[in-house]
Amino acid sequence: MLPKFHAAFGAAALLIIATFWAATVTTIVIGDKYLIVMAKTGIAWGLWALISMLILTGLSGNRLGQNLRGPLIGAKQKRMKIIAFNGIIFLVPSALILLPLAMQGQGGLLYWSIQTVELLAGAANITLLSFNMRDGLRLSRRRAGSA
């Protein structure tokens, strides 16, 4: 049952990050300041769900990989460290800084610099989480094949 929960937590985290990223890009393209503020508000509140899913993914992944070794496990663990670093150093602070700036209608150099960092770190985490999902599917196929 734990592998299914792990997969669900990881998929939810990936979906949340992809939704944040898509909402940001969409509202930037539309250019409506009200929509940008709404997206930034949703992202700031959505951090609770995202952080919960990432923690649950990490805890369940550690439990599942407790007795496993190999290149796929090592790669997943390495990527998770980068994902966590991006989240703690770039994504959460960016989300919390961009919201008040968007609410004030600021779109200057500071806003767009932070927004660029957020989009790049978000794209990196989407990519890394996708790779982890791919490798998790490979591991689950191996486990099913050996059972």
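Quick caveat, the model's predicted, so the values are computed rather than measured.
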Working to the nearest 0.5 angstrom, can you tell me the gap between [X] [atom1] and [Y] [atom2]?
X: Ile126; Y: Phe20; atom1: CD1; atom2: CZ; value: 10.5 Å
X: Leu72; Y: Leu139; atom1: CG; atom2: CG; value: 4.5 Å
X: Ile82; Y: Asn86; atom1: CD1; atom2: CG; value: 7.5 Å
X: Lys4; Y: Ser140; atom1: NZ; atom2: OG; value: 9.0 Å
X: Ile89; Y: Ser94; atom1: CD1; atom2: OG; value: 10.5 Å

Next item on the list: With sequence neighbours excluded, give me every salt bridge (charged side-chain N to carboxylate O under 4.0 Å, His left out) pair touching residues 69-98.
Entry: Arg79-Asp135
Check: Tell me the salt bridge (charged side-chain N to carboxylate O under 4.0 Å, His left out) pairs involving residues 111-128, sequence neighbours left out?
Finding: Lys40-Glu118
Validation row: [X], [Y] side chains within 4.5 angstrom (heavy atoms):
X: Tyr111; Y: Ile36; answer: yes
X: Ile28; Y: Trp112; answer: yes
X: Asp32; Y: Thr27; answer: no

More than 12 heavy atoms of other groups within 6.0 Å of [X] [atom1]:
X: Arg134; atom1: CZ; result: yes
X: Phe5; atom1: CZ; result: no
X: Trp45; atom1: CH2; result: no

Notebook entry, point to check: In the single-linkage hydrophobic clustering (I, L, V, M, F, W, Y; side-chain heavy atoms under 4.5 Å), do Val117 and Leu98 co-cluster?
Noted result: no
Note to self: The criterion is side chain to side chain contact (heavy atoms under 4.5 Å, CB included); which residues satisfy it with Met103, sequence neighbours excluded?
What the structure shows: Val37, Leu99
Notebook entry, point to check: Taking it one step at a time, do Ile83 and Asn132 satisfy side chain to side chain contact (heavy atoms under 4.5 Å, CB included)?
Noted result: CA-CA 10 Å; Ile83 290 164; Asn132 272 8; 4.3 Å; yes
